[in-house]
Undergrad: 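Right, I'll just put the structure down here and ask away after.
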There are 2 protein chains.
Amino acid sequence: MAGPPWLHGRLRNAGFRLTLPREAILNVFAENPKHLSAEEVFLSVHEKYPGVGLATVYRTLDLLTQVGLVFKFDFGDGKSRYELASEAAKGHHHHMVCTRCGRIVDYSDFMEEEVKFIKGLEAELSKKHNFKIDKHQIHFYGLCERCQ
Amino acid sequence: MAGPPWLHGRLRNAGFRLTLPREAILNVFAENPKHLSAEEVFLSVHEKYPGVGLATVYRTLDLLTQVGLVFKFDFGDGKSRYELASEAAKGHHHHMVCTRCGRIVDYSDFMEEEVKFIKGLEAELSKKHNFKIDKHQIHFYGLCERCQ
DNA sequence: CTGCATGCAAACCCTTTGCATTGGG
DNA sequence: CCCAATGCAAAGGGTTTGCATGCAG
């Protein structure tokens, strides 16, 4: 496996080893960069590397989240979702969750105004409540086109 | 138990029975109207009514959520939180979650601008993506005053 | 070589469900 | 009276952990 150099550096710098499961998991995100559940990642990795266990997937997802390579989301359906941080940063977007079928629709419209607004809010809240904010999540819930 | 009349009507109208566990659970929220976990509700109810089981608490919380008497939140720590809808409506607020100690800080500052902004965003997103939005959640994550 | 990382399975935690019993309307 | 609602315990689903083994550095 080639292994993207940015990953190489990022992990090494943080004092972690570059292993096959870790590369495999990152590659899954690179191929399908959208809010994946741990099980989806596991199944995907499993196709090429049946030897990789589910526990390792969880441990790696946690590691990658801590290192900042992926973001972790919780849409309230009982399972966590993960997404490449670089992807999220490149095409910054938020999510709308269908409360009937569970489909997650991304949107990136109005992000400029939204980010501007949220940043301002963050600054004011941080100051007023002495709370060091480092991330936010905005989710909309409702019915998607198909379920209405 | 007295039992608030508004609850009485609300449940009856929806075709549900007014039972002791249901009143007891609503009373817990009335006394402590802040994002409670199912277990916290259970323990609270248990003090006065040891006969009420955890399963009933879950079933009731689900019922109350469906009827619209309480809101359900998920802050990503693995357990759902519930809050009186009337309370939330009266003193509309959002939450900041401490990623170290799990403390949840409410804020109600800037709500007017925030709600206005979000409503506008909802309207545009609904139209553009044909997604019928009926609720949103905005959470900020970071370090609370004590944990910094 | 050294010890971090892994695989496997068991443990965990929160939540849901099956079923006999209770009690509200 | 009848059926919704309950209590209890067992099952379920996602995630974490203990421990012996394996492999990156």
Side-chain angles (χ1 to χ4, degrees), chain A residues 1-3 5 7-26 35-46 48-67 69-70 72-82 102, chain B residues 1-3 5 7-26 28 35-43 45-46 48-67 69-70 72-82 102:
Chain A
M1 184 180 316
L7 160 62
H8 211 271
R10 196 70 171 268
L11 283 180
R12 298 290 323 286
N13 287 343
F16 298 106
R17 291 180 179 171
L18 184 63
T19 64
L20 185 145
R22 287 173 182 174
E23 288 192 47
I25 289 168
L26 257 300
H35 35 70
L36 302 172
S37 68
E39 190 187 3
E40 288 170 332
V41 172
F42 170 69
L43 290 175
S44 225
V45 169
H46 207 258
K48 288 188 181 175
Y49 305 91
V52 176
L54 181 56
T56 296
V57 170
Y58 274 105
R59 282 188 281 232
T60 301
L61 289 174
D62 194 46
L63 172 69
L64 296 175
T65 299
Q66 307 220 80
V67 173
L69 282 169
V70 311
K72 182 179 183 179
F73 295 96
D74 194 323
F75 296 123
D77 66 342
K79 55 188 77 170
S80 296
R81 311 274 170 164
Y82 304 83
Chain B
M1 182 178 320
L7 160 61
H8 213 269
R10 196 70 171 269
L11 282 181
R12 299 288 326 284
N13 288 344
F16 299 105
R17 292 180 179 172
L18 184 63
T19 65
L20 185 146
R22 287 174 182 172
E23 289 192 48
I25 289 168
L26 257 302
V28 168
H35 36 70
L36 302 171
S37 68
E39 191 188 1
E40 288 170 333
V41 173
F42 170 69
L43 290 175
V45 168
H46 207 258
K48 287 189 181 174
Y49 305 92
V52 176
L54 180 57
T56 297
V57 170
Y58 274 105
R59 282 188 281 233
T60 301
L61 289 173
D62 194 47
L63 172 69
L64 296 175
T65 300
Q66 306 219 80
V67 174
L69 282 169
V70 310
K72 183 179 184 179
F73 295 95
D74 195 322
F75 296 123
D77 65 343
K79 55 189 76 171
S80 296
R81 311 274 170 165
Y82 303 84

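Worth knowing before you read on, the calculation uses all heavy atoms, side chains too, and leaves out hydrogens, waters and symmetry mates. Residue numbers begin at 1 in each chain, while the letters A, B, ... track the order of the sequences.
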Undergrad: Judged by each residue's nearest nucleotide on DNA chain C, which is more toward the 5′ side, B:E39 or A:A55?
TA: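 Result: A:A55.
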Undergrad: Taking C-beta and beyond as the side chain, do A:F16 and A:L63 meet within less than 4.5 Å on heavy atoms?
TA: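 Contact flag for A:F16/A:L63 side chains = yes.
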Undergrad: For B:G53 and B:F42, work out which heavy atoms get closest and say how close.
TA: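 Shortest heavy-atom contact: C-CE1, 3.8 Å.
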Undergrad: Looking at every non-hydrogen atom in both residues, tell me the closest pair between A:V67 and A:A14 and how far apart they are.
TA: CG2-CB, 4.5 Å
Undergrad: Taking all heavy atoms of B:D74 and all of A:G76, pick out the closest pair and write down the distance.
TA: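 So the two residues come closest at OD2-CA, 3.5 Å.
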Undergrad: Give a yes/no answer on whether the side chain of B:R22 brings an N or O atom under 4.0 Å of OP1 or OP2 in D:dA5.
TA: yes
Undergrad: Taking only side-chain nitrogens and oxygens of A:Y58, does any of them come within less than 4.0 Å of OP1 or OP2 of D:dT16?
TA: no
Undergrad: Just call it for A:S80: base, sugar-phosphate, or nothing, with non-hydrogen atoms closer than 4.0 Å on any strand.
TA: sugar-phosphate
Undergrad: To the nearest 0.5 Å, how far apart are CZ in A:F73 and CG in A:L36?
TA: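 The CZ atom of A:F73 sits 11.5 Å away from the CG atom of A:L36.
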Undergrad: Taking the minimum atom-to-atom distance to the side chain of A:R12, which one of D:dG25, D:dG14, D:dT6 wins?
TA: D:dG25
Undergrad: Over how many whole Å does the gap from A:D74 atom CG to D:dG14 atom P extend?
TA: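 In whole Å, D:dG14 P lies 13 Å from A:D74 CG.
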Undergrad: Can you list the residues that meet the side chain to side chain donor-acceptor pair (under 3.5 Å) rule with A:D77, with sequence neighbours excluded?
TA: A:R81
Undergrad: Quick check on DNA chain D: between B:G15 and B:P50, whose nearest nucleotide comes earlier from the 5' end?
TA: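 Mapping each residue to its closest nucleotide by heavy atoms, the 5'-most match is B:G15.
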Undergrad: To the nearest angstrom, how far is A:L11 atom CG from D:dG25 atom C1'?
TA: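 The answer, rounded to whole Å, is 14 Å.
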Undergrad: A:V41 and side-chain contact (heavy atoms from CB on, under 4.5 Å): which single residue from A:V70, A:L54, A:I25, A:T60 fits?
TA: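 Per the side-chain contact (heavy atoms from CB on, under 4.5 Å) rule, the option paired with A:V41 is A:I25, out of A:V70, A:L54, A:I25, A:T60.
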Undergrad: Atom CD of B:E23 to atom C1' of D:dA5: distance rounded to whole Å?
TA: 14 Å
Undergrad: How many Å lie between CZ on A:F42 and P on D:dG14, as a whole number?
TA: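 These atoms are roughly 13 Å apart.
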Undergrad: Over all heavy atoms of both residues, which pair between B:L61 and B:T65 is shortest? Give the atoms and the distance, please.
TA: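 The answer is O-OG1, 2.7 Å.
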Undergrad: Which heavy atom of B:A38 sits nearest to which heavy atom of B:V57, and what is that distance?
TA: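 That closest heavy-atom pairing would be O-CG1, 3.7 Å.
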Undergrad: Would B:D62 and B:Q66 satisfy side-chain contact (heavy atoms from CB on, under 4.5 Å), going step by step from the backbone distance to the final call?
TA: CA-CA 6 Å; B:D62 194 47; B:Q66 306 219 80; 3.8 Å; yes
Undergrad: Just the endpoints, please: which first and last nucleotides of DNA chain C, 5' to 3', lie under 4.0 Å from a heavy atom of chain A?
TA: C:dG3 to C:dA9
Undergrad: Does B:G78 or B:R17 map to a spot on DNA chain C nearer the 5' end, using the closest nucleotide for each?
TA: B:G78
Undergrad: Report the distance from atom CZ of B:R59 to atom P of D:dA9, rounded to the nearest whole Å.
TA: 14 Å
Undergrad: Within this structure, what is the CG-to-C1' distance between B:L20 and D:dA4, rounded to whole angstrom?
TA: 16 Å
Undergrad: Nearest whole Å is fine: how far is D:dG25 C1' from A:N13 CG?
TA: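 That distance rounds to 15 Å.
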Undergrad: Over how many whole Å does the gap from A:D77 atom CG to D:dG14 atom P extend?
TA: 9 Å
Undergrad: Quick check for you: among D:dG25, D:dT6, D:dT16, whose closest atom lies nearest to any side-chain atom of B:T19?
TA: D:dT6
Undergrad: Between the two ends of the helix from C:dC1-D:dG25 to C:dG25-D:dC1, what is the bend in degrees, rounded to 10 degrees, where each end axis spans five pairs?
TA: 40°
